[in-house]
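Right, one structure below, let's go through it.
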Amino acid sequence: MFNIHLTMKYITLIFMIKKHHFKLFFIVISFLIACKSEKKEHHNFQKKLENRYNKLLEYKLDSTAFPRSYSHEKQQIKKVPSKDWTSGFFAGNLWQIYKLTGNEDFKKKAKEWTAFIEKEKFNNRTHDMGFKVFCSFGNALKQEDNKAYKDIIVKSAQTLSTRFNETIGSIRSWDFNKDKWQFPVIIDNMMNLELLFEATKISGDSTFHKIAIKHANTTLKNHFRLDHSTWHVLDYDTITHLPRLKITHQGISDNSAWARGQGWAINGFTMMYRYTKDLKYLNQAEATANFFLNHKNLPEDGIPYWDFDDPSIPNVSRDVSAAAVVASALVELYGYTKNQDYLDYSKKVINTLETTNYILPKDFEAPFILDHSFGDWSKRSEMNEPIVYGDYYYLQTLIRLKDLN
Ligand code: GLY
């Protein structure tokens, strides 16, 4: 018998199921379209990155002309000799691209550029041995076991050790401004300690390891403010061996938080924990990382202004290199602490760099990847430019994230 109520119920039910199916169908299709366009975007981005990598490969081999930065104003590449503190980054970038891509052409070029740095192992007029020798030969050694590379690292550590003052407990950073400073030590110097740890591992000579610990302990004691940010330069009195000045050289003012300096501190103390497993270093790395991440002047996209205390914020340049130095450190720090905030920050930085105009256009004729690093305020130079060390820590972050997966 025909029941009008039952029929109506069936029709409503079918309609609801259909409607539900239609909704489901719509959701699935939208999801597939989104996946496809994300995949396409990712593919386009990878192509762009590959183009940028090739610009490094194409750069003419010249032992006296390491590419350091690109001046938008002069429209030219700034080239420096091997004694410059940034010389090791270019070879390091080639090694890291080789690790990321497996393309042998990068390895070949990396070896050639690395060889040009060797003479720096005798250069005792600078503390930047780690930046120069470890970013080049250290990365080389990760890719191939080579006795010559090991010997160069040990010799470099011996040379760097000549700048260590036992009573002050630090490695002297700079030799300039002798009329103003007695024994200047900058926070950046923490980055040279990795070379010393590795030299001890290679040679079995614990002297280098001990110097690294001493230097880090002195820095830990004197270099940090109550809010866990770091001063840039500490000048030690050569008679009392105590700090006599706490100042800046590259920041906006003596008491400001220069962004890259905070990065060197976070990166340096995270590395200290890697080699020693001493919690005091981990605590400092975390404290300064938290200062950085929670700072009211850190922009939403994660790329800091070049100095957190520049009074002209927000109308000042960002520093991509500082973001990359911190992003790389925080992947490692996440590994030790499992604090998700650290990993989130690193991923955010990578995402910002990839989805905005921080990566140079694919045909831009310069051997760099990222734009908008901030070099040296004291010289008013390299402000808002592609700089080689921005790329170095960006690539290191990519490798660390890949290794994490
Ligand atoms: N080590 C110098 C700098 O970070 O600019």
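In this chain, residues are counted from 1 in sequence order. Both counts, for ligands and for their atoms, begin at 1 and track the order of listing. As a basis for the values below, the full set of heavy atoms in this structure was taken, side chains included, without hydrogen atoms, waters or symmetry mates.
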Which residue holds the protein heavy atom closest to atom 5 (O) of ligand 1, what is that atom called, and what is the gap in Å?
R260 NH2, 2.6 Å
Purely on distance, is any nitrogen or oxygen of D128 under 3.5 Å from one on ligand 1?
no
Taking both backbone and side-chain atoms of D188, is any N or O found less than 3.5 Å from an N or O belonging to ligand 1?
yes
Taking only heavy atoms of Q250, which atoms of ligand 1 are found under 4.0 Å from at least one of them?
2 (C), 3 (C), 5 (O)
Pairing of [X] and [Y] as salt bridge, 4.0 angstrom limit:
| X | Y | result |
| --- | --- | --- |
| R318 | D301 | yes |
| D188 | R260 | no |
| E166 | K214 | yes |
| D227 | R225 | no |

Honestly, for W258 the part within reach of ligand 1 (heavy atoms, under 4.0 Å) is side chain
Give a yes or no answer on whether the side chain of N267 reaches the backbone of V325 with a donor-acceptor pair at less than 3.5 Å.
yes
